[in-house]
Amino acid sequence: MNHKVIAFHYTLRNSKNEILDQSEAAHPFTFLAGSAQIIPGLETELLKLAKGEKKKILVAAERAYGLREESLQVTVPLENLPKDVKVGDQFQAEGKADMPPFTVLDIRESEAVLDANHPLAGMDLTFDVELVELRDATDEEVTHGHAHGLEGHSH
Ligand code: ZN
């Protein structure tokens with residue numbers, strides 16, 4: 001397989017045109033294609049662009065962070081949570097730093113409803129992207145499973 005390293009600038013908006021996230025001007029987001037570092041619906045489209053090209057890419061929820069699943073809501077006793085917990089707070093489950101955080105949906109008398117859906121689940125997303133770099137990955141990057149910066153030298 002011909003591995004690619006992609007660097008791009010992006011502005012991420014939801015369907016209400018609100019900006020959710022964007023890359024920093026001096027630091028395009030750089031990643032190794034095929035390593036599941038970005039959502040599949042975006043990676044597929046980036047691989048079609050030429051260096052310097054700009055594009056508006058729409059990614060439906062199914063190809064972004066997935067649909068919301070009601071089964072990912074759990075109810076836990078309030079005593080298991082911090083005393084000042086409020087709706088909208090987010091918690092990282094212990095020892096699961098790679099999982100999306102829980103979001104507090106509701107607080108009742110003695111329990112709280114937590115949601116383990118990704119915060120962007122169920123949302124159709126729009127990315128305004130500019131492709132900064134598209135190059136072959138070095139053998140070292142392929143071995144490590146990540147990109148070594150724009151030119152492949154940093155670590
Ligand atoms: Zn490395």
Side-chain angles (χ1 to χ4, degrees), residues 1-74 76 80-82 85-86 88-105 114-155:
M1 182 179 164
N2 189 8
H3 293 272
K4 295 287 183 192
V5 166
I6 300 174
F8 68 107
H9 280 299
Y10 68 93
T11 300
L12 167 61
R13 291 185 178 84
N14 61 18
S15 54
K16 292 176 200 149
N17 214 31
E18 296 163 336
I19 293 180
L20 303 176
D21 192 17
Q22 59 194 139
S23 53
E24 296 170 50
H27 300 284
F29 188 87
T30 305
F31 74 102
L32 178 67
S35 58
Q37 281 179 283
I38 67 166
I39 54 175
L42 182 58
E43 181 166 319
T44 308
E45 294 304 313
L46 287 171
L47 283 165
K48 296 177 189 167
L49 299 183
K51 213 163 141 174
E53 198 173 342
K54 294 181 182 180
K55 194 178 181 192
K56 184 183 285 291
I57 298 173
L58 290 141
V59 186
E62 295 91 330
R63 296 268 292 151
Y65 292 93
L67 300 173
R68 292 185 57 80
E69 292 184 42
E70 297 303 319
S71 64
L72 290 179
Q73 290 180 13
V74 292
V76 300
N80 292 2
L81 299 172
V85 65
K86 46 189 192 312
D89 283 356
Q90 294 192 326
F91 298 95
Q92 195 70 49
E94 265 179 55
K96 295 189 177 173
D98 54 334
M99 300 270 294
F102 286 99
T103 306
V104 180
L105 281 190
L114 304 184
D115 183 3
N117 282 289
H118 189 283
L120 298 181
M123 288 189 196
D124 295 332
L125 303 174
T126 301
F127 294 84
D128 281 294
V129 302
E130 178 183 354
L131 198 79
V132 176
E133 179 65 280
L134 177 62
R135 61 171 171 79
D136 291 331
T138 64
D139 292 342
E140 195 181 41
E141 286 172 322
V142 173
T143 307
H144 288 197
H146 56 227
H148 289 169
L150 265 187
E151 274 94 44
H153 304 311
S154 54
H155 197 253

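These figures come from a predicted structure and were not determined experimentally. When a ligand or atom number is given, it counts from 1 through the structure's own listing order. Residue numbers count from 1 along this sequence.
With sequence neighbours left out, Leu105 forms a side chain to side chain contact (heavy atoms under 4.5 Å, CB included) with Gln73, Val113, Asp115.
A salt bridge between Lys4 and Asp136 is present, with a side-chain N of the basic residue lying under 4.0 Å from a carboxylate O of the acidic one.
In the model, Asp21 has a side-chain atom that pairs as donor or acceptor with a side-chain atom of Tyr10 under 3.5 Å.
Using bins of under 30°, 30° to 60° and over 60° for the plane-to-plane angle, the ring pair Phe31/Phe29 lands in the tilted bin.
Contact of the Arg135 side chain with the Glu151 side chain is not registered, since no non-hydrogen atoms from C-beta on lie closer than 4.5 Å.
In this structure, Glu43 contributes its side chain and Gly34 its backbone to a donor-acceptor pair below 3.5 Å.
Of all protein N/O/S atoms, those under 2.8 Å from the Zn ion (ligand 1) are His144 ND1, His146 NE2, His148 NE2, His155 NE2, and waters are not counted.
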